[in-house]
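Working notes for the structure below.
Heavy atoms only: backbone and side chains are in, while hydrogens, waters and symmetry mates are out. Source: prediction; values computed, not measured.
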Amino acid sequence: MPIAQNPLSVEVTLEREEVALLKVAGYLDVDTATELQHHLANQLHHGRRHFLLDLSGVPFMDSSGMNIILRVYQEVRELPGSVHIISPAPAVLRVLDLTGVSITVPVSDSVEEALARVDAQPAGPPVPEA
């Protein structure tokens, strides 16, 4: 099995029970985007509703990476949940801005800023009593 030219690493930590921080490093492109998708799907499966994507270690992202981010944004929106991009490299931020993704998915400078945005969101619908 050949090794990817630009492997992607994804480190997942839980900031809170429903908040996953995914620190992504490497090229986020057609060859590596499924790696991020698997990590996001696993966290969704385990009940996470809020995703903080630290992209400070991503020097390049193509449309495959943007599609993964937008797809998880669409999924968690209905929970309700959220996706936040943290510290994207200048080239990645430029792509996010040019495509309008940064208008849809908030961009923060730090984990603390993203967590403050999570806290500012309205709570989900009340759970009906049995």
Side-chain angles (χ1 to χ4, degrees):
M1 179 174 181
I3 297 174
Q5 285 288 78
N6 298 301
L8 187 76
S9 72
V10 181
E11 179 184 323
V12 180
T13 55
L14 298 181
E15 293 297 304
R16 300 182 187 152
E17 187 176 333
E18 293 185 336
V19 180
L21 169 63
L22 289 85
K23 188 167 179 61
V24 185
Y27 284 57
L28 185 51
D29 58 21
V30 67
D31 294 326
T32 62
T34 54
E35 178 74 17
L36 177 59
Q37 182 177 13
H38 289 308
H39 284 282
L40 289 166
N42 184 44
Q43 293 304 311
L44 269 169
H45 176 75
H46 285 93
R48 313 297 175 242
R49 298 183 316 125
H50 301 283
F51 296 91
L52 312 181
L53 304 178
D54 182 339
L55 301 184
S56 60
V58 177
F60 172 81
M61 179 174 67
D62 71 6
S63 61
S64 302
M66 286 186 296
N67 285 336
I68 299 297
I69 293 169
L70 289 172
R71 203 172 303 144
V72 75
Y73 170 82
Q74 290 291 337
E75 284 186 50
V76 300
R77 205 168 79 148
E78 298 168 12
L79 292 177
S82 62
V83 176
H84 302 269
I85 296 171
I86 301 169
S87 301
V92 173
L93 180 59
R94 180 165 165 74
V95 170
L96 294 170
D97 287 344
L98 287 172
T99 58
V101 173
S102 61
I103 294 169
T104 305
V105 181
V107 177
S108 300
D109 291 330
S110 66
V111 172
E112 294 75 24
E113 182 183 337
L115 283 171
R117 288 181 169 187
V118 169
D119 291 340
Q121 290 185 298
V127 178
E129 293 182 22

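Rounded to the nearest 0.5 Å, atoms CG (D31) and CG (L28) are 11.0 Å apart. Separating the CD atom in E112 from the CD atom in E15 is a distance of 8.0 Å, to the nearest 0.5 Å. To the nearest 0.5 Å, atom CG of residue L53 and atom CD1 of residue I69 are 5.5 Å apart. Between T104 atom OG1 and Q74 atom CD the span is 8.5 Å, to the nearest 0.5 Å. Remark: L70 CG to R77 CZ distance equals 10.5 Å, nearest 0.5 Å. To the nearest 0.5 angstrom, S110 atom OG is 7.0 Å from I86 atom CD1.
Here side-chain hydrogen bond (donor to acceptor under 3.5 Å, both in side chains) pairs that include residues 88-99, with residues two or more places apart or in two chains, are D97-S102.
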Worksheet item: So V105 and L96, side chain to side chain contact (heavy atoms under 4.5 Å, CB included) or not? Walk me through it.
Response: CA-CA 9 Å; V105 181; L96 294 170; over 6 Å; no
Discussion item. Between H39 and Q43, does the side chain to side chain donor-acceptor pair (under 3.5 Å) criterion hold? Intermediate values first, please.
Written reply: CA-CA 6 Å; H39 284 282; Q43 293 304 311; over 6 Å; no
Item to complete: Dump the intermediate steps for side chain to side chain contact (heavy atoms under 4.5 Å, CB included) on D119 and R16, then the final yes or no.
Response: CA-CA 11 Å; D119 291 340; R16 300 182 187 152; 2.5 Å; yes
Discussion item. Determine whether N42 and H38 satisfy the following criterion, side chain to side chain donor-acceptor pair (under 3.5 Å), listing intermediate values before the conclusion.
Written reply: CA-CA 6 Å; N42 184 44; H38 289 308; over 6 Å; no
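Proximity of a side-chain donor or acceptor of S87 to a complementary backbone N or O of D109 within less than 3.5 Å is detected. Listed for the S82 side chain is no donor-acceptor partner under 3.5 Å among the backbone atoms of V118. One N or O on the side chain of R49 and one on the backbone of P80 form a donor-acceptor pair closer than 3.5 Å. Side-chain atoms of D54 never come within 3.5 Å of backbone atoms of L21 as a donor-acceptor pair (strictly under, hydrogens ignored).
Taking the charged nitrogens against the carboxylate oxygens, E113 and R117 do have a contact shorter than 4.0 Å, which makes a salt bridge.
Using a 4.5 Å heavy-atom threshold, the side chains of V24 and E35 count as separate.
With hydrophobic clusters built from ILVMFWY side chains whose heavy atoms lie under 4.5 angstrom apart, Y73 shares a cluster with V95. Hydrophobic clustering of Ile, Leu, Val, Met, Phe, Trp and Tyr side chains at less than 4.5 Å, counting indirect connections, unites L22 with L79.
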